Amino acid sequence: DTGVSQDPRHKITKRGQNVTFRCDPISEHNRLYWYRQTLGQGPEFLTYFQNEAQLEKSRLLSDRFSAERPKGSFSTLEIQRTEQGDSAMYLCASSLRADTQYFGPGTRLTVL
Amino acid sequence: AQSVTQLDSQVPVFEEAPVELRCNYSSSVSVYLFWYVQYPNQGLQLLLKYLSGSTLVKGINGFEAEFNKSQTSFHLRKPSVHISDTAEYFCAVSDQTGANNLFFGTGTRLTVIP
């Protein structure tokens, strides 16, 4: 059990560029979540996968955001045409049961 | 929908003193309750959780919390804090069914003063 990993840890991009983040959950965890955390706030839910199926999406997940989990293992979160308001920490979490989520270290995105 | 209120945004406390971080929640369904800690530039680490059963739950690093259903509260306590406890603490709730995504409070910054 090596924990949840996320890559990259930091990303700086220019407004209008596309970015993609990767999350590797704890092996055998079938549930995977993405959250976004802005400065001074608690994390906010973005989307949820059970195995490869995306079962829930928040209203925060605009059309510029897309997430995939193609083989039910790792997941990617892509943001197209980034805006300065997208600057945040993007957190991934995984769980085996419904009751406990384990978080990765996060990817900090800065949009210039 | 669920919501979480953390009543104190910042709590300064002297080393070896006791501390209580307050959390109230609102929900129309049964929930699970959690406390997470976040150190600078890091992800969230689970401190403790309440799923069912005894209303007093013990977690890591000497922390404990008590679930009070009538007051819809889940306050976090530690009898004697250390410098290393300086961090951001988040209270969170989730449904017991469905996606179980977490709803977080805005956090409480605990600063331990030497």
Side-chain angles (χ1 to χ4, degrees), chain A residues 2-10 21 23-26 29-51 53-61 67 88-110, chain B residues 1-10 21-25 29-53 57 59-60 67 74 76 87-110:
Chain A
T2 57
V4 178
S5 61
Q6 293 186 246
D7 184 70
R9 293 291 306 276
H10 304 274
F21 309 141
C23 170
D24 286 89
I26 295 171
H29 280 194
N30 60 341
R31 296 167 176 249
L32 187 146
Y33 303 79
W34 285 98
Y35 293 83
R36 181 173 70 185
Q37 184 179 20
T38 53
L39 202 60
Q41 300 296 317
E44 295 174 293
F45 169 73
L46 291 178
T47 190
Y48 160 64
F49 289 86
Q50 186 162 332
N51 300 311
Q54 188 174 20
L55 297 184
E56 193 157 326
K57 293 194 292 186
S58 161
R59 289 172 295 174
L60 292 175
L61 211 65
M89 175 80 89
Y90 289 84
L91 295 165
C92 176
S94 71
S95 69
L96 181 60
R97 298 190 307 264
D99 56 26
T100 306
Q101 295 178 31
Y102 297 90
F103 283 81
T107 294
R108 182 169 294 284
L109 173 66
T110 302
Chain B
Q2 293 76 36
S3 67
V4 176
T5 302
Q6 291 185 244
L7 299 167
D8 305 298
S9 60
Q10 297 185 56
L21 305 184
R22 296 180 293 169
C23 172
N24 287 87
Y25 70 94
V29 299
S30 295
V31 296
Y32 297 135
L33 295 155
F34 306 85
W35 277 97
Y36 284 87
V37 60
Q38 187 174 38
Y39 298 101
N41 297 314
Q42 294 188 24
L44 298 163
Q45 181 182 3
L46 180 67
L47 273 178
L48 48 78
K49 60 186 178 183
Y50 173 78
L51 306 180
S52 65
V57 292
I60 63 171
F67 170 56
F74 190 54
L76 181 70
E88 191 85 20
Y89 291 80
F90 292 96
C91 181
V93 302
S94 72
D95 283 348
Q96 293 185 4
T97 59
N100 311 111
N101 52 288
L102 293 163
F103 293 85
F104 286 87
T106 51
T108 297
R109 173 71 179 173
L110 174 63

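A, B, ... follow the sequence lines: proteins, then strands. Residue 1 opens every chain. All values derive from a computational prediction rather than experimental measurement.
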Selection from B/Asn101, B/Thr106, B/Val4 maximising heavy-atom pairs under 4.5 Å formed with chain A: B/Asn101
Test salt bridge (Lys or Arg N to Asp or Glu O under 4.0 Å) applied to B/Arg22 - qualifying residues, sequence neighbours left out: B/Asp8
Contacts of B/Asp95 that satisfy salt bridge (Lys or Arg N to Asp or Glu O under 4.0 Å) - sequence neighbours left out: none
Relative to chain A, which segment of [X] carries a heavy atom at a distance below 4.5 Å: side chain, backbone, both, or neither?
{"X": "B/Leu44", "value": "both"}
{"X": "B/Leu46", "value": "side chain"}
{"X": "B/Tyr36", "value": "side chain"}
{"X": "B/Gln38", "value": "side chain"}

Contact check, side chains of B/Leu47 and B/Tyr89, non-hydrogen atoms, under 4.5 Å: yes
Parallel, tilted or perpendicular, as decided by the 30° and 60° cut-offs, for the rings of A/Tyr102 and A/His29: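 Tilted, since the angle between the ring planes falls between 30° and 60°.
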Parallel, tilted or perpendicular: rings of A/Phe103 and A/Tyr35 (30°, 60°):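 A/Tyr35 and A/Phe103: tilted rings.
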Given a strict heavy-atom distance threshold of 4.5 Å, which part of [X] is in contact with chain B: side chain, backbone, both, or neither?
{"X": "A/Phe49", "value": "neither"}
{"X": "A/Leu55", "value": "neither"}
{"X": "A/Glu44", "value": "neither"}
{"X": "A/Glu56", "value": "side chain"}

Max heavy-atom pair count under 4.5 Å with chain B, selected residue of A/Gly106, A/Pro43, A/Pro105, A/Gly42: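 Most heavy-atom pairs within the cutoff with chain B belong to A/Pro43.
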Under 3.5 Å donor-acceptor, A/Gln6 side chain and A/Cys92 backbone: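 Present.
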A/Leu39 atom CG, neighbour heavy-atom count above 12 within 6.0 Å: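 Atom CG in A/Leu39 is not packed in, count stays at 12 or less.
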